[in-house]
Protein chains: 2
Amino acid sequence: MLSHTEENYLKALFHLTTENIGKNKAGTNELAAHLNVKPASVNDMLKKLKEKKLIHYEKYGKISLTAEGKRKAVDIIRKHRLWETFLYEKLEFSWDEVHEIAEQLEHIQSAKLIDKLEKFLDYPEFDPHGDAIPNAKGELNIQPRKTLSEIAIGKTCKLIAVKDNSATFLQYVVKVGLGISSKIKVLSRQDYDAIMEIEVDGKRSSVSQKFAENIYVL
Amino acid sequence: MLSHTEENYLKALFHLTTENIGKNKAGTNELAAHLNVKPASVNDMLKKLKEKKLIHYEKYGKISLTAEGKRKAVDIIRKHRLWETFLYEKLEFSWDEVHEIAEQLEHIQSAKLIDKLEKFLDYPEFDPHGDAIPNAKGELNIQPRKTLSEIAIGKTCKLIAVKDNSATFLQYVVKVGLGISSKIKVLSRQDYDAIMEIEVDGKRSSVSQKFAENIYVL
DNA sequence: TGTTTTTGTTAGGTAAGCCTAACTTGCATA
DNA sequence: TATGCAAGTTAGGCTTACCTAACAAAAACA
Ligand SMILES: [Mn+2]
Ligand SMILES: [Mn+2]
Ligand SMILES: [Mn+2]
Ligand SMILES: [Mn+2]
């Protein structure tokens, strides 16, 4: 049985490695920043997770998840995304509210609960932010995704997911008129700072590089 | 913000005092037994809860909840019972499974979540064990309840709630053919050990004093 | 290649929540 | 009223998960 904290470390490692295609190792400082703790605290935990055979790690080396660690992480992500879907679909929360509550719910221990919840939701494939929900076997198809910042001027694309799950970002996304499946036309992009002008349902907006990098499109 | 542990102490105190009519103070050892910890641990926590003005307590004296402590406890019980109802009604868990999972869910922090859950469940009045669910204002009507052990020979009564929420007890209750609203006829009671013979739906069973004291009837 | 900067580690300390062992208080009952 | 036992408290220790400050290693860069 893993503690709440250990689970959060595994989940963070999954996001920093396995989920980011092309990058499969993380560093101490990076992990510390992601979890809002100090590198010294991370170092303590790395020793414990290594001892439990959940991560690969050598002193001064890079960190990666073992198969077992990966499986544990995927299970937490599965719970997180199913709970988000429940909150959004059944309790009518808005998509900027679900993440924070799911951060708590993801730690509830009961395999039966999550399987019943999945059935109740009729086996959803994606959560409210467009992220794929792993199945009960721990299978999750991670496909390389383009971001809005990579779309050429003049082209139109479809929003399929958001990278940032924070309330402030999601509220901003809604304000620009965007949601899952929105069609976005790229009108222009400044050479100097990459600020883009986009059109959504006939409405024009200017968005930053940072914003565009957090929007996944197809 | 209260910790998971502090919440469990308040809930235990509520069950030992306010909810038990006629008894409104508890002792250190009693609380320790209820929480499966040692009296020394309870003593530590009592100092903290007093400091936070959640309990009335003097060294070597009895313990009781302040108005604020009571309110906090009722909120946790409200969450516990609404989650049990959700698990039972929506996810089709059996009544002997819901308590354990609700012990975890009751600590999720979000007033909005619990109010939306209550609405989703259409404002239930009782949980799957027949216990009243406090409303959002913290109101809970505690009425004195008779137990099966107090019913006279020859009389018939109706099961309205169970006191013990453990899986073993609840499975036994089901095995005897009982559930909420079951009609129970008391056939006999031994003078020596108070073992009772009862009839439920034409089926006869013998139950112990301990069993009968955990069945609330009307 | 030498030096600076970044990254990572260690030592030592804190708070929460638990424990055991030893002690004190107060209540029941002789 | 004495006294023995149950109830309650204290002291000191443990583990988890965090911290700061000081240090070591590796990477970047000049
Ligand atoms: Mn999320
Ligand atoms: Mn989490
Ligand atoms: Mn219960
Ligand atoms: Mn609890």
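Per chain, numbering begins at 1; letters A, B, ... match sequence-line order. Keep in mind that what you see is a predicted model, and the values were worked out from it rather than measured.
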Classify the angle between the aromatic ring planes of A/Phe86 and B/Phe86 as parallel (below 30°), tilted (30 to 60°) or perpendicular (above 60°). tilted
Report the distance from atom NZ of A/Lys38 to atom P of D/dC19, rounded to the nearest whole Å. 6 Å
note: B/Asn29, atom CG; C/dG26, atom P; distance rounded to Å ~ 15 Å
Would you kindly give the OH-to-P distance between A/Tyr60 and D/dC23, to the nearest whole Å? 13 Å
Starting at the 5' end of DNA chain D, which residue's closest nucleotide do you reach first, A/His4 or A/Ala40? A/His4
Side-chain N or O of A/Lys59 closer than 4.0 Å to phosphate OP1/OP2 of C/dT10: yes
I want to verify a distance call: between D/dT9, D/dA7, C/dG8, whose nearest atom is closest to the B/Tyr57 side chain? D/dT9
Would you please confirm or rule out a distance under 4.0 Å between OP1 or OP2 of C/dT9 and any side-chain N or O of A/Thr28? yes
Listed nucleotide nearest any side-chain atom of A/Val37, set D/dC19, C/dC18, D/dG8: D/dC19
Contact under 4.0 Å: A/Asn43 side-chain N or O vs C/dT9 OP1/OP2: yes
Do A/Tyr216 and A/Lys146 pass the side-chain contact (heavy atoms from CB on, under 4.5 Å) test, and can you show the C-alpha distance, the side-chain angles, and the key distance before you say yes or no? CA-CA 6 Å; A/Tyr216 286 121; A/Lys146 244 185 282 192; over 6 Å; no
In whole angstrom, give the distance that lies between atom NZ of B/Lys47 and atom P of C/dA15. 16 Å
From the candidates D/dC18, C/dT9, C/dC19, the one with an atom nearest any side-chain atom of A/Ser41 is D/dC18
Hits for salt bridge (Lys or Arg N to Asp or Glu O under 4.0 Å) against A/Asp164, two or more places apart or cross-chain, chain-then-number order -> none
Take atom CD of B/Glu51 and atom P of C/dA16, then tell me their distance rounded to the nearest Å. 11 Å
Nearest to side-chain heavy atoms of B/Leu46, which nucleotide of C/dG8, D/dT9, D/dC19: D/dT9
In terms of the angle between their ring planes, are A/His15 and A/His34 parallel, tilted or perpendicular, with boundaries placed at 30° and 60°? tilted
Could you tell me how far apart A/Met45 (CE) and C/dT10 (C1') are, to the nearest whole angstrom? 18 Å
Rounded distance in Å - NZ (A/Lys62) to C1' (C/dT7): 8 Å
Could you tell me the separation between the CG atom of B/Asp44 and the C1' atom of D/dG8, rounded to a whole number of Å? 13 Å
Would A/Lys116 pass as a cation-pi partner of B/Phe93, given that its NZ or CZ must be under 6.0 Å from the six-membered ring centre and within 45 degrees of the axis? yes
